[in-house]
Number of protein chains: 2
Amino acid sequence: MVTLAEVAQHAGVSASTVSYVLSGKRSISVTTRQRVERSIRELGYHPNAGARALASSRSNIIALMVPLRTDMYVPVMMEIAIAVATTARTHGYDVLLLTGEEGPDAVRRVSGSGLADGMILMDVELDDERLPLLRETDQPAVLIGLPADTTGLTCVDLDFKATGALCVEHLATLGHRDIAVIGEAPAVYERHTGFAERTLDGLRSRGRELGLRLLHRPCEGGYDAMAVTLSRILDERPGTTGFVVQNESAVEPLLALLRQQGRAVPEDVSVVSICPEQVAVQASVRLTSVAIPAQEMGRHAVEQLVAKLDGRGGDEVVLLAPELTVRASSGPAPAQ
Amino acid sequence: MVTLAEVAQHAGVSASTVSYVLSGKRSISVTTRQRVERSIRELGYHPNAGARALASSRSNIIALMVPLRTDMYVPVMMEIAIAVATTARTHGYDVLLLTGEEGPDAVRRVSGSGLADGMILMDVELDDERLPLLRETDQPAVLIGLPADTTGLTCVDLDFKATGALCVEHLATLGHRDIAVIGEAPAVYERHTGFAERTLDGLRSRGRELGLRLLHRPCEGGYDAMAVTLSRILDERPGTTGFVVQNESAVEPLLALLRQQGRAVPEDVSVVSICPEQVAVQASVRLTSVAIPAQEMGRHAVEQLVAKLDGRGGDEVVLLAPELTVRASSGPAPAQ
DNA sequence: AGAGGATGTCGAAGCGCTTCGACAGCTTTC
DNA sequence: GAAAGCTGTCGAAGCGCTTCGACATCCTCT
């Protein structure tokens, strides 16, 4: 293993000079710099991460805490994780993958051991038990998701309230009056995951303003659960012509069931989905949807965190504006 | 930040004693150990990761390299990643998430900097460009997937050849003679991803033994691509009654199309899928399938790697035996 | 009783890096 | 032309831990 000292000797300079070439924290003459850089290349030198962390008390590592559960939004999580990892690299950071399993202790362990310089938490619940710890250890951190109390925290998320509003607006504009909302699994609401509630809030408040009739039903996803949910909805509100779906694994079953019942999409019924772009495009009917900007969220989170670590910028809540893309699943409401 | 020295002072012992309590590498009297452990708890001590890594040249970190591409098997990847992370924790390791973006350089960087003690590579291609590096730096590593040349490497994977064989056997047993194989996207084959080719190998060789007629077609997945692929298949082999599908995003479109054409599953046509359990269960027809044991693969990979790092065990290729679960999508071939 | 072996603890060296202060050799300034 | 200021480089200290050899003690054999 090549060390700084060996590089220094090879280049005929002192160790500190090599260090300054690497960090750029002091000015170095052009000739010296080039000599050192050449030695580094020739010897194939890579600074030892541990030594660096010890001496500088900076590990250049960001911890990413993903939920253990794999019951929802897996592709979104993955996309975020990958975006976090690649964005982090462009800022010189690596990413440590923590699962929710360890629970809040992970926060303590990571901040106590100096393993990571900061953390990004995904799947934040409204009243997340990791937050008190985060505040008390004042770990630089960024949340993906929005807890109930955001004071002193930096958060990044899609503006789900606006998303909900956007969906009903679109359907209202097309003339739909009776709208059913197929939501996430009941467990998601029980857990008080913020995004589900905020979406609902947006749907309802804008729906009320527009004078729509809204019916919200959580749904486990999958074909069977969707069948039950759908028939209940149609029993209760036979005039339903618009659907807003916020549950990836309910989308395709819903389309299949509607088709099966002879309800044509979008002629008889319009469907708007809140889901990743890929799902919307690959569905059996190309879906009018509000995309979940997973990459953006990951990127923003890293950038906020890096800014914090650099002493720039403070606590901020970044809500990304939703964008609705009209595709083949929504159209004018049928004449009464 | 609490240091070892502070703990030592608080407990009235030397620093080395505390270190030995922590590592268990020398015997310590019960009373001393308890005193030290108490101090650790009271002060909330966490060993500094950097210092530890520097002194011991062990970081207790495993690097996990996931593919950048998110075009296939995303939930599987995620499940593996999570299994890797949680299993690693039970062995005292953390996981560093590397994306394919950096390419082979990541191997150099990680092994050069001592950032990680070993690595796990996912999505290994038959002739993967990371392998020479792995061999030359002799990084302890485990591959998930099987390259062409496995000498000197430890690999973990599903036995895809046996998986292919199992699928055709099942269909043959039910009396199907004309079988179509819906494969991964053409790009996957072009990239020479081992698992796709091995599956095909298993399908073909067992199919030949059983005297079946096999037709293999790659497919992009999604509704439209599947529609084209299916109609081509049925043009060419109208008597096809069995389908083997190895492409998550083709499964549901296939079922929808068959339904639409009035071909009942499993009465007229049987479908066997190679996919994660969840997909099989949630499909509109519960699918007879060979599950991709993502968790198992992640767990095995970590265990192999940890064994290597502990100096136990050597190079080995672990192929997990496939298991076919019969569900509602396969049945006896229709009478001619 | 004294040699020899366990057992438990300590001191010190050193892992590879960053960073601070020092300083030699310049150039600028009045 | 001496004082003052830059620039570029170096030496040394120290980050917090592990680990090696040394050394008391206390047992256990003959």
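Heavy atoms only: backbone and side chains are in, while hydrogens, waters and symmetry mates are out. All figures in this text were calculated on a predicted structure; none of them were measured in a lab. Reminder, nothing fancy here: chain letters follow the sequence lines and each chain counts from 1.
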Terminal helix-axis angle for the helix from C:dA1-D:dT30 to C:dC30-D:dG1, with five pairs defining each axis and rounding to 10 degrees
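Overall, the helix from C:dA1-D:dT30 to C:dC30-D:dG1 bends by 40° from one end axis to the other.
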
Name all pairs fulfilling the side-chain hydrogen bond (donor to acceptor under 3.5 Å, both in side chains) condition that reach into residues 133-149 of chain B, sequence neighbours left out, sorted by first residue then second.
B:D149-B:T151

Nucleotide N/O of nucleotides 9-14 of chain C paired with protein N/O under 3.5 Å:
{"residue": "C:dT9", "atom": "OP1", "partner": "B:S29", "partner atom": "OG", "Å": "2.9"}
{"residue": "C:dT9", "atom": "OP1", "partner": "B:T32", "partner atom": "OG1", "Å": "2.2"}
{"residue": "C:dT9", "atom": "OP2", "partner": "B:S29", "partner atom": "N", "Å": "2.9"}
{"residue": "C:dT9", "atom": "OP2", "partner": "B:S29", "partner atom": "OG", "Å": "3.3"}
{"residue": "C:dT9", "atom": "OP2", "partner": "B:T32", "partner atom": "OG1", "Å": "3.4"}
{"residue": "C:dT9", "atom": "O4", "partner": "B:R26", "partner atom": "NH1", "Å": "2.8"}
{"residue": "C:dC10", "atom": "OP2", "partner": "B:S14", "partner atom": "N", "Å": "2.9"}
{"residue": "C:dC10", "atom": "OP2", "partner": "B:S14", "partner atom": "OG", "Å": "3.2"}
{"residue": "C:dC10", "atom": "OP2", "partner": "B:T17", "partner atom": "OG1", "Å": "2.4"}
{"residue": "C:dC10", "atom": "N4", "partner": "B:R26", "partner atom": "NH1", "Å": "3.4"}
{"residue": "C:dG11", "atom": "N7", "partner": "B:S16", "partner atom": "OG", "Å": "3.4"}
{"residue": "C:dG11", "atom": "O6", "partner": "B:S16", "partner atom": "OG", "Å": "3.3"}

Sequence neighbours excluded, which residues qualify as side-chain contact (heavy atoms from CB on, under 4.5 Å) partners of B:S39?
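B:V7, B:H10, B:A11.
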
Using atom [atom1] of [X] as one end and atom [atom2] of [N] as the other, report the distance to the nearest whole Å.
| X | N | atom1 | atom2 | result |
| --- | --- | --- | --- | --- |
| B:L4 | D:dT18 | CG | C1' | 9 Å |
| B:L22 | D:dC17 | CG | C1' | 10 Å |
| A:L54 | D:dC17 | CG | P | 9 Å |
| A:E6 | C:dG16 | CD | C1' | 11 Å |

Please enumerate all residues that pass salt bridge (Lys or Arg N to Asp or Glu O under 4.0 Å) together with [X], with sequence neighbours excluded.
| X | value |
| --- | --- |
| B:R33 | none |
| B:R312 | B:D310 |
| A:R38 | A:E42 |
| A:D127 | none |

Where at least one partner belongs to residues 82-100 of chain A, residue pairs that pass salt bridge (Lys or Arg N to Asp or Glu O under 4.0 Å), sequence neighbours excluded
A:R89-A:D94, A:R89-B:E102, A:D94-B:R109

Give a yes/no answer on whether the side chain of A:K25 brings an N or O atom under 4.0 Å of OP1 or OP2 in C:dT19.
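So the side chain of A:K25 is within the cut-off, an N or O lying under 4.0 Å from OP1 or OP2 of C:dT19.
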
Can you find a side chain N or O atom of A:S56 that sits less than 4.0 Å from OP1 or OP2 on C:dC17?
no

Any side-chain heavy atom of B:L97 within less than 4.5 Å of one from A:L96?
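A side-chain contact under 4.5 Å is absent here.
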
Charged N-O contact under 4.0 Å between B:R198 and B:D159
no

For DNA chain D, the residues among residues 36-51 of chain B that have a non-hydrogen atom under 4.0 Å from it:
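Output list: B:Y45, B:P47, B:N48, B:A51.
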
Indicate every side-chain donor-acceptor pair of residues 47-57 of chain B with a distance under 3.5 Å to a residue at least two apart or in another chain.
{"residue": "B:N48", "atom": "OD1", "partner": "B:G50", "partner atom": "N", "Å": "2.7"}
{"residue": "B:N48", "atom": "OD1", "partner": "B:A51", "partner atom": "N", "Å": "2.9"}
{"residue": "B:S56", "atom": "OG", "partner": "B:R52", "partner atom": "O", "Å": "2.6"}
{"residue": "B:S56", "atom": "OG", "partner": "B:R58", "partner atom": "N", "Å": "3.3"}
{"residue": "B:S56", "atom": "OG", "partner": "B:R58", "partner atom": "O", "Å": "3.4"}

Under 3.5 Å, which donor-acceptor pairs do the side chains of residues 292-303 of chain A form with other protein atoms, sequence neighbours left out?
{"residue": "A:E296", "atom": "OE2", "partner": "A:R299", "partner atom": "NH1", "Å": "3.1"}
{"residue": "A:H300", "atom": "ND1", "partner": "A:E296", "partner atom": "O", "Å": "3.2"}

Any base atoms under 4.0 Å from A:T3, or only sugar-phosphate, or nothing? Heavy atoms, all strands.
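The residue A:T3 makes sugar-phosphate contact but no base contact.
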
